[in-house]
Amino acid sequence: MAEPSEIDYDTMIPNNVDLAHDRRVLRALERWHPGYIDWWKRMGPEGFGDTPVYLRTAISVGAEGWAKFGYVKMPDYRWGILLAPREEGRVIPFGAHKGEPVWQEVPGEHRALLRRLIVVQGDTEPASVEQQRRLGKTAPSLYDMRNLFQVNVEEARHLWAMVYLLQKYFGRDGREEAEALLRRQSGAEDSPRILGAFNQETPDWLSFFMFTFFTDRDGKMQLESLAQSGFDPLSRTCRFMLTEEAHHMFVGESGISRIIERTCQAMAGAGIDDPSDVEKIRGLGVIDLPAIQRQVNLHYALSLDLFGSEISTNAANAFSAGIKGRYRETRIEDDHRLVDDTYPVMKLVDGAFKTVAESALPALNARLRDAYVVDCRKGVGRWNKVIGASGVDFRITLPHLAFNRAIGAFKGVSATPAGDLIDAGEWMRRRDQWLPTGDDAAFIGSLTIPEVEPGAYAGWIAPPRHGINNMPGDFEYVRLARP
Ligand SMILES: [Fe+2]
Ligand SMILES: [Fe+2]
């Protein structure tokens, strides 16, 4: 086990980057801190500022025993700056500088590109907290409420992680970007968050679980490719963030899985075999599988858009520069330069979908998205096992890449989830079969009344298999003030 002393908890900002001897950065972060706390109080979980929550806090960056659990009021959470340990002799694993020692300072010629990548990543972190700020009030259990808050404080820590890099390595413009990260706001007309999916609402818990499954997974893919970076402080920062991200994936996947489990149980109990018998199924107070599929369709398409255009000069430049690699770059067997390589990319050619060999470098966004699709498919496969085990005849599927896209090669294309091309009028007429409807929202809204008894769960979601940190089933994960 790594030494807890690795992290300095004596300064106001816990860290393992020796802030105590880096007065300039420490002071810059201390100046940023009040604005941050103000942001958390305005935009963080609404109505739970004084509530003790059973949260984990990182105490070490070692692979084992890196967190301790205990009750914390969220505004008092020790948001720290934690980087994975430095790897001795690490070299740049890809691009034109492949094999050279990694950079400990920002390489001058790639400064703007690097800053942009850090700002875009940093912007998503507070955005998701903003999107989820009202969900605490309708949590289906204290266990789920606690998981929501854990995700929220960790996304906020990810903001700290990016702000540290900006303040430490980018001087005055870094400081300005750090301020701007607190100024933009999810869904705001005049200063929205940078990426589309982070300006959507997360109105209910089904959406929250979908978001943590699909959108946090985009985050995971981005962090995985930045973890390969030749700019070592970014690489180390992202490697530690990924240890936290695993929990966010778990919350999403297990959340949906528990909803599916409950629906199938209730159907079996009532002797309903037909998953499309929506009225009867909703009458049991559980969420029908077709409504879950519509949410999958929505969130998947929004998340695919986060990968940007399939063909992108920026992506090629970031790779050649040694700034952003591929998913698990070091495990890929090729020359890691890709100058003469091609990569198969699906496109619409003369009214039909065709796979075209594109130059590998500009196709890196498509490649990362493809890795994401594979990762999503595994989770969906596990959901289908739950459905299969119950005997209900239904499968959740991921829609076609061209379905409902707003960015990239399939923007504006009228494709069905199965990948059939139809005219725009027909697409609009059939929209409600494929994407969440007002009815879905009203029904799910009617279900999401809070359940706050320790050990109790709302009727539309099954209890989890295990407690957090092996706590017993009736553990009080959140200590609400009781009248
Ligand atoms: Fe994050
Ligand atoms: Fe996350």
Side-chain angles (χ1 to χ4, degrees), residues 36 39-40 43-45 55-58 61 66-67 74 77-84 117-133 135-136 144-166 177-178 181-182 184 186 193-200 202 205 207-227 229 233-256 299-300 302-303 306-307 324 327 368 372 375-376 379 468:
Y36 167 79
W39 166 81
W40 177 269
M43 299 308 297
L55 294 174
R56 71 177 181 189
T57 305
V61 293
W66 62 272
M74 284 184 279
Y77 190 78
R78 302 296 308 272
W79 285 285
I81 292 164
L82 310 169
L83 275 61
L117 283 170
I118 293 171
V119 166
V120 171
Q121 180 62 41
D123 192 67
T124 65
E125 315 288 359
S128 67
V129 175
E130 293 165 356
Q131 288 169 293
Q132 296 161 13
R133 61 194 292 259
L135 292 174
D144 290 292
M145 190 190 290
R146 176 263 166 216
N147 282 349
L148 165 73
F149 294 156
Q150 184 73 61
V151 170
N152 291 159
V153 294
E154 287 177 354
E155 298 303 5
R157 201 201 67 73
H158 293 174
L159 169 63
W160 275 92
M162 293 298 125
V163 163
Y164 166 72
L165 293 175
L166 289 169
E177 295 285 13
L181 284 167
L182 296 176
R184 283 185 293 273
S186 176
R193 291 294 174 185
I194 295 169
L195 299 173
F198 292 89
N199 287 306
Q200 302 280 322
T202 309
W205 277 78
S207 305
F208 168 66
F209 292 132
M210 290 289 173
F211 186 96
T212 41
F213 182 87
F214 286 109
T215 311
D216 277 78
R217 190 176 310 276
D218 158 72
K220 168 185 151 181
M221 305 310 286
Q222 302 300 338
L223 292 176
E224 286 271 7
S225 37
L226 293 173
S229 185
L234 176 61
S235 164
R236 292 171 55 206
T237 297
C238 291
R239 271 183 274 151
F240 187 72
M241 288 163 78
L242 282 163
T243 60
E244 295 164 311
E245 210 57 60
H247 175 68
H248 310 178
M249 310 279 103
F250 161 80
V251 168
E253 185 180 325
S254 62
I256 300 292
H299 284 268
Y300 181 66
L302 279 169
S303 300
L306 291 172
F307 291 85
K324 184 178 178 187
Y327 180 59
L368 188 60
Y372 169 79
D375 212 51
C376 287
I468 291 296

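When a ligand or atom number is given, it counts from 1 through the structure's own listing order. Keep in mind it's a predicted model, so treat the numbers as computed, not measured.
- A donor-acceptor pair shorter than 3.5 Å can be found between the side chains of H248 and E155.
- Under a 3.5 Å cut-off, the side chain of S225 and the backbone N or O of M221 do form a donor-acceptor pair.
- Within the protein, the number of N/O/S atoms found under 2.8 Å from the Fe ion (ligand 1) is 3.
- Ion pairing of R56 with E244 is absent here, as no side-chain N (NZ or NE/NH1/NH2) approaches a carboxylate O to less than 4.0 Å.
- Under the 4.5 Å side-chain criterion, counting only non-hydrogen atoms from C-beta, F211 is not in contact with Q200.
- Contacts of Y36 classified as ring-ring contact (aromatic ring centres under 6.0 Å, His included), with partners at least two apart in sequence or in another chain: W32, W39, W79, W160.
- Seen from the ring of F240, R236 does not count as a face-on cation partner, given the 6.0 Å and 45° thresholds.
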